[in-house]
Amino acid sequence: MDDQPRLMHSSHGVGMAGHPGLAQHMQDGTGGADGEGRKQDIGDILQQIMTITDQSLDEAQARKHALNCHRMKPALFNVLCEIKEKTVLSIRGAQEEEPPDAQLMRLDNMLLAEGVSGPEKGGGSAAAAAAAAAAGGGGSDNSVEHSDYRAKLSQIRQIYHTELEKYEQACNEFTTHVMNLLREQSRTRPISPKEIERMVGIIHRKFSSIQMQLKQSTCEAVMILRSRFLDARRKRRNFNKQATEILNEYFYSHLSNPYPSEEAKEELGKKCSITVSQVSNWFGNKRIRYKKNIGKFQEEANMYAAKTAATATNVSTHGSQANSPSTPNSAGDSFLCDQPDAKST
DNA sequence: CTATATGATTATTA
DNA sequence: TAATAATCATATAG
């Protein structure tokens, strides 16, 4: 009873001022009579552990078998189980959280939306085309225009699925392997189902992080593909001369309020054989660019003013209109009300 | 090849 | 929700 405190201090005398150190005690042995035998045992075991890597596999197997057949083995195993039972409580509950990872969900959603991870549309390309046409609501050339896009997309899809399957398979393989290993080991050391479960969880997490990389890169590829094929900016064509003529005529003849109504837009679109949204784009661009640099458009403005004047006179058969087109902006250009900065160089 | 023109998209605003 | 402003990506002129 009074042995314990003495063990701590007796051999050192002056107690090291702070760090007793476990190794120190073990080396000292403290001269205890009962420690001698155990020390010997521990030394033996350490020796065995140190040399275990030098042993051949057969030797190790033989030793393992011998241990397994040892008559004390069941009893020792029970003891191990008991100890483990007590200590396992501490590690349980340490890692239970499994957040559904927003990043992964985003990727999944996107892949699903792009039809990469969705159901196989198979050879039913006709059905897909029909669906696309129906969705487009009249874009007959839509499917033709995007056929190579879809081809590339399905290529990506195939790669994605192949890789995914490969990872899945590898994961299963590895899991099986590890479980076999654990089962094998559970003959010599106690392994709870919980631990196995945990191990499987760890493996799955690792593999799913790999899958996440795959999904990430697939998403990137799809995005690049999209921007390459579906971005209308990449295949921009100028409107033909006549169309711009018509649009400019309207713009400069409504310079004080160049905001065509929906009806007018439809009319213009029909005349120029472009869509209403293209008309809207054109007017949006025209307004902002005109406002930004009126000087640059002066000439154009004069030209179209003259032109409309000419057609007007043509219609009215009256030519002597004192229409001076040199300063067309002097009138109430109400849409210019807010002049930010006339960048005149 | 460089600079400008131009149609389309995106973000912001009222 | 449409207009605006900024920006992109190409077309075209020089």
Side-chain angles (χ1 to χ4, degrees), chain A residues 102 106-107 109-111 113-116 132-133 135-153 156 219-308 325 328-329 331-345:
Chain A
R106 264 217 336 263
L107 289 176
N109 284 341
M110 192 197 143
L111 289 173
E114 296 297 332
V116 175
S140 60
D141 64 329
N142 209 11
S143 59
V144 177
E145 204 170 305
H146 300 154
S147 68
D148 50 354
Y149 165 75
R150 288 213 311 276
K152 287 262 198 307
L153 186 66
I156 287 175
C219 271
E220 258 169 51
V222 170
M223 293 306 278
I224 290 167
L225 193 68
R226 272 186 82 85
S227 73
R228 187 132 152 57
F229 284 89
L230 262 42
D231 190 347
R233 282 178 293 202
R234 288 190 181 271
K235 49 183 191 298
R236 182 180 71 79
R237 298 283 174 270
N238 289 354
F239 299 151
N240 60 43
K241 205 78 181 163
Q242 195 184 350
T244 48
E245 197 91 340
I246 292 166
L247 292 166
N248 273 316
E249 257 173 51
Y250 187 99
F251 180 80
Y252 286 111
S253 61
H254 299 74
L255 196 54
S256 59
N257 186 34
Y259 298 88
S261 66
E262 203 63 24
E263 256 183 14
K265 281 182 194 171
E266 279 176 35
E267 181 81 20
L268 284 166
K270 213 168 89 177
K271 272 201 247 181
C272 303
S273 39
I274 59 177
T275 70
V276 172
S277 69
Q278 282 179 305
V279 175
S280 297
N281 286 339
W282 191 91
F283 273 89
N285 283 322
K286 191 72 184 180
R287 280 192 299 263
I288 193 70
R289 282 162 186 167
Y290 178 85
K291 186 161 76 170
K292 228 169 175 171
N293 191 351
I294 293 175
K296 196 168 65 181
F297 289 90
Q298 191 77 260
E299 198 181 337
E300 194 179 62
N302 292 343
M303 200 190 93
Y304 280 100
K307 191 168 178 156
T308 51
N329 64 338
D333 293 347
S334 63
F335 95 99
L336 292 174
C337 56
D338 175 44
Q339 194 130 350
D341 185 296
K343 195 190 78 177
S344 55
T345 51

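It should be emphasised that the depicted structure is a prediction, and the values quoted were computed from it without experimental measurement. Each chain gets a letter, A, B and so on, in the order the sequences are listed, and its residues count up from 1. Any value given below was found using the heavy atoms of this structure, including those in side chains, with hydrogens, waters and symmetry copies removed.
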Worksheet item: Which residues pass the ring-ring contact (aromatic ring centres under 6.0 Å, His included) test with F239(A), sequence neighbours left out?
Response: none
Item to complete: With sequence neighbours excluded, tell me which residues meet side-chain contact (heavy atoms from CB on, under 4.5 Å) with S273(A).
Response: none
Response to the item:
R287(A) atom CZ is separated from dT4(C) atom C1', nearest whole Å, by 9 Å
Worksheet item: Of all the choices, dA3(C), dA5(C), dT12(C), which nucleotide is nearest to the side chain of I288(A) once you look at every atom?
Response: dA5(C)
Discussion item. So, using salt bridge (charged side-chain N to carboxylate O under 4.0 Å, His left out) as the criterion, who are the partners of K152(A) when residues are at least two apart?
Written reply: none
Identify every side-chain donor-acceptor pair in residues 262-269 of chain A under 3.5 Å, counting partners at least two apart or on other chains, and give the distances.
unit_1	atom_1	unit_2	atom_2	d
K265(A)	NZ	S280(A)	OG	3.1

Worksheet, complete the sentence: Here the distance between atom C1' of dT7(C) and atom NZ of K292(A), to the nearest Å, is 9 Å
Practice prompt. Say whether E300(A) and Y290(A), considering side chains only, have a donor N or O and an acceptor N or O under 3.5 Å apart.
Written response: no
Practice prompt. Please report, rounded to the nearest Å, how far the C1' atom of dT10(C) is from the CG atom of D231(A).
Written response: 10 Å
Worksheet entry | From L247(A) atom CG to K286(A) atom NZ, the distance as rounded to the nearest 0.5 Å | 9.0 Å
Practice prompt. Output every pair passing ring pair (Phe, Tyr, Trp, His ring centres under 6.0 Å) with a member in residues 262-287 of chain A, not counting sequence neighbours, ordered by first then second residue.
Written response: Y250(A)-F283(A)
Worksheet, complete the sentence: Those residues at least two apart in sequence (or on a different chain) that pass side chain to side chain donor-acceptor pair (under 3.5 Å) with T308(A) are none
Practice prompt. Rounded off to whole Å, could you give me the CG-to-P distance for the N285(A) and dA11(C) pair?
Written response: 17 Å
Worksheet item: With a non-hydrogen cut-off below 4.0 angstrom, is N238(A) in contact with a base, only sugar-phosphate, or nothing?
Response: sugar-phosphate
Item to complete: Classify the side chain of R234(A) versus the base of dG7(B) as yes if they form a donor-acceptor pair under 3.5 Å and no if they do not.
Response: no
Worksheet item: What parts of residues 261-281 of chain A reach DNA chain C, counting only heavy atoms under 4.0 Å away?
Response: K265(A)
Which atoms of nucleotides 2-5 of chain B (N or O only) lie under 3.5 Å from a protein N or O atom, and what are those distances?
unit_1	atom_1	unit_2	atom_2	d
dA5(B)	OP2	K296(A)	NZ	3.3

Practice prompt. Calculate the interatomic distance between K235(A) atom NZ and dC8(C) atom P; express it in whole Å.
Written response: 19 Å
Worksheet, complete the sentence: Judged by nearest nucleotide, the residue sitting upstream toward the 5' end of DNA chain C, R289(A) or G284(A), is G284(A)
Worksheet item: Within the structure, does a side-chain N or O atom of R237(A) lie under 4.0 Å from either OP1 or OP2 of dA11(C)?
Response: yes
Response to the item:
The residue among V279(A), N240(A), N281(A) that forms side-chain contact (heavy atoms from CB on, under 4.5 Å) with I274(A) is V279(A)
Worksheet item: Could you state the CE-C1' distance from M223(A) to dT9(B), rounded to the nearest angstrom?
Response: 13 Å
If you restrict it to nitrogen or oxygen atoms, what contacts under 3.5 Å exist between nucleotides 11-14 of chain B and the protein, and what is each distance?
none

Fill in: Residues forming a side-chain contact (heavy atoms from CB on, under 4.5 Å) with R233(A), sequence neighbours excluded
D231(A)
For residues 220-228 of chain A, dump all side-chain donor-acceptor pairs below 3.5 Å to protein atoms at least two apart in sequence or in another chain.
unit_1	atom_1	unit_2	atom_2	d
R226(A)	NH1	E114(A)	OE1	3.2
R226(A)	NH1	E114(A)	OE2	3.4
S227(A)	OG	I224(A)	O	2.9

Discussion item. Could you tell me how far apart K291(A) (NZ) and dA6(C) (C1') are, to the nearest whole angstrom?
Written reply: 13 Å
Worksheet entry | For atom OH of Y259(A) and atom P of dT1(C), their distance in whole Å | 20 Å
Worksheet item: Under the side-chain contact (heavy atoms from CB on, under 4.5 Å) test, which residues partner K307(A), sequence neighbours left out?
Response: E245(A), E249(A), Y304(A)
Worksheet item: Closer than 4.0 Å, any side-chain N/O of K286(A) to the OP1 or OP2 of dT6(B)?
Response: no
